[in-house]
Amino acid sequence: MMARARRAAALIPAMAILSCLRTESWDPCVQVVPNISYQCMELNLYKIPDNIPVSTEMLDLSFNYLRHLGSHNFSRFPELQVLDLSRCEIKIIEDNTFQGLNHLSTLILTGNPIQSLAWGAFSGLSSLQKLVAVETNLVSLDDFPIGHLKTLKELNVAHNFIHSFKLPEYFSNLPNLEHLDLSNNKIQNIYYEDVKVLHQMPLLNLSLDLSLNPLEFIEPGTFKEIKLNGLTLRSNFNSSYVMKTCIQGLAGLKINRLVLGEFKNERKLQKFDRSCLEGLCNLTIEQFRIAYLNKFSRNDTDLFNCLANVSMISLLSIPLGSLQALLKDFRWQHLEMINCDFDKFPALELRSLKKFVFTDNKDVSSFTKTELPSLQYLDLKRNHLSFKTCCSHTDFGTTNLKHLDLSFNDVITLSSNFMGLEQLEHLDFQHSTLKQINAFSTFLSLRNLRYLDISYTNIRIVFHGIFTGLVSLQTLKMAGNSFQNNLLPDIFTELTNLTILDLSKCQLEQVSWTAFHSLPSLQVLNMSHNKLLSLDTFLYEPLHSLRILDCSFNRITASKEQELRSLPRNLTWLNLTQNEFACVCEHQSFLQWVKDQRQLLVGAEQMMCAEPVDGKVMPVLGFRNATCQMSKTIISVSVVTVLLVSVVGVLVYKFYFHLMLLAGCKKYGRGESTYDAFVIYSSQDEAWVRNELVKNLEEGVPPFQLCLHYRDFIPGVAIAANIIQEGFHKSRKVIVVVSQHFIQSRWCIFEYEIAQTWQFLSSRAGIIFIVLQKLEKSLLRQQVELYRLLNRNTYLEWEDSVLGRHVFWRRLRKALLAGKPRSPEGTADAETNPQEATTST
Ligand SMILES: *[C@@H]1O[C@H](CO)[C@@H](O)[C@H](O)[C@H]1NC(C)=O
Ligand SMILES: *[C@@H]1O[C@H](CO)[C@@H](O)[C@H](O)[C@H]1NC(C)=O
Ligand SMILES: *[C@@H]1O[C@H](CO)[C@@H](O)[C@H](O)[C@H]1NC(C)=O
Ligand SMILES: *[C@@H]1O[C@H](CO)[C@@H](O)[C@H](O)[C@H]1NC(C)=O
Ligand SMILES: *[C@@H]1O[C@H](CO)[C@@H](O)[C@H](O)[C@H]1NC(C)=O
Ligand SMILES: *[C@@H]1O[C@H](CO)[C@@H](O)[C@H](O)[C@H]1NC(C)=O
Ligand SMILES: *[C@@H]1O[C@H](CO)[C@@H](O)[C@H](O)[C@H]1NC(C)=O
Ligand SMILES: *[C@@H]1O[C@H](CO)[C@@H](O)[C@H](O)[C@H]1NC(C)=O
Ligand SMILES: *[C@@H]1O[C@H](CO)[C@@H](O)[C@H](O)[C@H]1NC(C)=O
Ligand SMILES: *[C@@H]1O[C@H](CO)[C@@H](O)[C@H](O)[C@H]1NC(C)=O
Ligand SMILES: *[C@@H]1O[C@H](CO)[C@@H](O)[C@H](O)[C@H]1NC(C)=O
Ligand SMILES: *[C@@H]1O[C@H](CO)[C@@H](O)[C@H](O)[C@H]1NC(C)=O
């Protein structure tokens, strides 16, 4: 209480701050289901909050300070069905407190120190079925005002101070009462008078719990002719003698289910011996259960003789050690022996036993053959059993077995082919060690088997016919095993009805193309915790019914693009978490595909990229394909650049001279020319050049300086460089001596082409053509460019006559003088214009 008060004191300022922050909607209760269910637990409430909707059906007000409940306190909530008032320090409940709650079915008053409970406190609760008044300081049922609650089914008044088992008269008014929990009260004695009301109401279907009452005496005959659905007497007796006499006191009781024994942590009996149960012979019992007895006399030979006719018997944590002399004519149909410290397997021979559960008996290591001809259900899990040959009908003495559970045992050698066990529908070997599973089709005869669990059975599957014969199988669990070469082969070919397949933790690296081709009914496939490297969607394509696919905890980096098929249409749950996704542009279509499947993916936000991006762990869904576009651009830009560079390179290589010219053009374009003209001619015409051209131009007035390659080119320098450096760059003009030879000479054409480029670039009318002889048109046309130029431009024609020579030289000098910066001597020649020269037709 102090702690709570202190906590409350600490909470109040905090809440005040909160309420200041949220002035508008001060709503402390948790809305579990809007308008329906509200939880106001532990909120230091002193009254019922105002803002709970009237439509509320479930209201939890536990752990508050309601203290005093008055008339119509809850009438605001006419729809209320469940009201929890646990530990609200309620001391007073007035008349009509719950008036108006016509639909209330459950009222919980646990842990309230009720001092005053008005006679009409529960009036109006016309539908109440369950009333829990545990730990409410109740002293007697007599003055508990519930007599009018006709609908009551369950009354729990455990953990109070009730001394008398007397069931009050008003019980006759509660025809629906099924459960009465009086456990942990102070009842010591039970007399015939106490249960008079049960004699009056023979049809009452009542289960009684009297556990943890310090019972000492039950008057013999009290329960004679009384029929109960259940009676629980656990941790009631502090000695075998008291137990024995009390059980004898139950003589004549007809009961469906009797539970005896103690609680694990509430042991009172020092020693238990078989005589305790002798009195059971005078009872009619359908089901008998006994649990947690400390010391148990090992002399059990006729322990169960009085229980020969029960249909169900359950022994939980009873140190039996061994079990002998169970008679064949015991009518047991259902026997459970859980954690009973057996040292060997009981050799049972029971004709009517249908269900046998023998589990958690750690010391039992070898199985003894049983003779249980009616057995259908056998659960032997969590023992320490080994089977040298398993399994056939001779082991269990039955051919009716449908359910066999040998899980969590030791080594089981499957060598018997399940002979005579063709009825089996459910078979569980998980966590046992299976041997000889690869030898032959072990399950061949189990054509009715629906469920097979061989998870974690330490098998390495080599034999492809392992599941042959299991035509009805619906569930196959084989997690935690392994396969030859870590490859899943075609082993499911006959399992056409399979709906659930668990292949997790099988170290699978690869899956055969056709592994799932024969599974049209498969709905759940678990491939998690394997070593798959890519998501091969084509594998799952034939699984038309697939709803759930778990590929989590693999090493999936991506999926090959051509493998990205659409997933089965009915797939609604896909788990790809905990893989090693490679968030790189190479897989951007896969990553986009993942995004597109987002509505199928569970925990999509938790899917992380394997490699941190920029030092951060990046979610797969955060991958932006825009970055790829960018890098794509970068790549294409670089590709284009490389291409351009190489093209330019090639061009430069090809037009090296042109470029050199370009450079030279700039350099020499400012009138620094050394020569007046560079002469291009064929060496065949050299004589003419030397004798006529050079003589007349260089020695005439004004003298022109000509660049002639035979004379001016620098020895040792590449001829092309010479042409450019010496010829063009240093010359203002170019004279092209066109002749038959010139046209035929490649070299001249080459020089000419360069010159032409230069002319084009310098945009000066710098080329002067001299045509030496009449040219054959057809020959000229071969040199297209030259032909065009000659057609377009003016040219000088050499005429070897006196007059012709005179005209020729005058025109040539004039053309050469054009654009020459200094011309002190050449003014006289200005009258003739080369443009007026003969134009070719
Ligand atoms: C809850 O009830 C209020 C008023 O009765 C109504 O306006 C509101 O829609 C209801 N909310 C839900 C979720 O039903
Ligand atoms: C119950 O109703 C009474 C009046 O009938 C009122 O004084 C009291 O505060 C109410 N209690 C709660 C917890 O609402
Ligand atoms: C008796 O009550 C139990 C529940 O305690 C119920 O399962 C059973 O069907 C009831 N039997 C009859 C005959 O009403
Ligand atoms: C059993 O309980 C009774 C009273 O409840 C007591 O007198 C008696 O000594 C107890 N016996 C043992 C063995 O504890
Ligand atoms: C069975 O009850 C009768 C009397 O009702 C009694 O004589 C007999 O001893 C009882 N048997 C056992 C085993 O308690
Ligand atoms: C156990 O029962 C056998 C007879 O079934 C008897 O011979 C033996 O003495 C008994 N032992 C004890 C400890 O009661
Ligand atoms: C079991 O039932 C049979 C026949 O109904 C009866 O003879 C036998 O006495 C009964 N045994 C017990 C222990 O009630
Ligand atoms: C497979 O299941 C269908 C429907 O559940 C059933 O009709 C059919 O008999 C089953 N096939 C086998 C071989 O059990
Ligand atoms: C798949 O198997 C793993 C481990 O075996 C398990 O944790 C997981 O819950 C299973 N997934 C589904 C969908 O059942
Ligand atoms: C897919 O699911 C729907 C509804 O759950 C079902 O009717 C249909 O048969 C399923 N399709 C396949 C191929 O199983
Ligand atoms: C990139 O993402 C956009 C939307 O996020 C999508 O429409 C587009 O198809 C994606 N491109 C590629 C190549 O995946
Ligand atoms: C996905 O599967 C893993 C392992 O099977 C599991 O731990 C995880 O909870 C699953 N995610 C969801 C959202 O169920």
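What you see below is based on every heavy atom in this structure, not just the backbone, and it leaves out hydrogens, waters and symmetry mates. All ligand and atom numbering here is 1-based and tracks the order in the structure.
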Set of side-chain contact (heavy atoms from CB on, under 4.5 Å) partners for Ser75, sequence neighbours left out: His72

Do me a favour and list the nearest non-hydrogen protein atom to [atom] with residue, atom name and distance?
atom                    : answer
atom 3 (C) of ligand 3  : Asn229 ND2, 3.6 Å
atom 4 (C) of ligand 3  : Glu178 OE1, 3.8 Å
atom 10 (C) of ligand 7 : Asn309 ND2, 2.3 Å
atom 5 (O) of ligand 7  : Arg331 NH2, 3.4 Å
atom 12 (C) of ligand 1 : Asn35 ND2, 3.3 Å

Close aromatic pair by centroid cut-off 6.0 Å: Tyr192 and His199: yes

Test of ring centre spacing under 6.0 Å for Tyr170 and Phe144: no

Asn35, Ile36, Leu80 screened by side-chain contact (heavy atoms from CB on, under 4.5 Å) with Ser55, the one that passes: Asn35

Phe165: which of Thr222, Asp194, Leu141 passes side-chain contact (heavy atoms from CB on, under 4.5 Å): Asp194

Atoms of ligand 3 close to His179 [distance to a heavy atom under 4.0 angstrom, numbered from 1]: 5 (O)

Heavy-atom protein contact below 4.0 Å for atom 14 (O) of ligand 3: yes

Protein heavy atom under 4.0 Å of atom 7 (O) of ligand 7: no

Residue selection (non-hydrogen contact nearest atom 11 (N) of ligand 3) among Asn176, Asn205, Leu206: Asn205

Ionic contact status for Glu266 with Arg234, cut-off 4.0 Å: no

Location of contacts on Asn305 toward ligand 7, heavy atoms closer than 4.0 Å: backbone

Geometric class of the Trp332/Phe304 ring pair [parallel <30°, tilted 30-60°, perpendicular >60°]: perpendicular

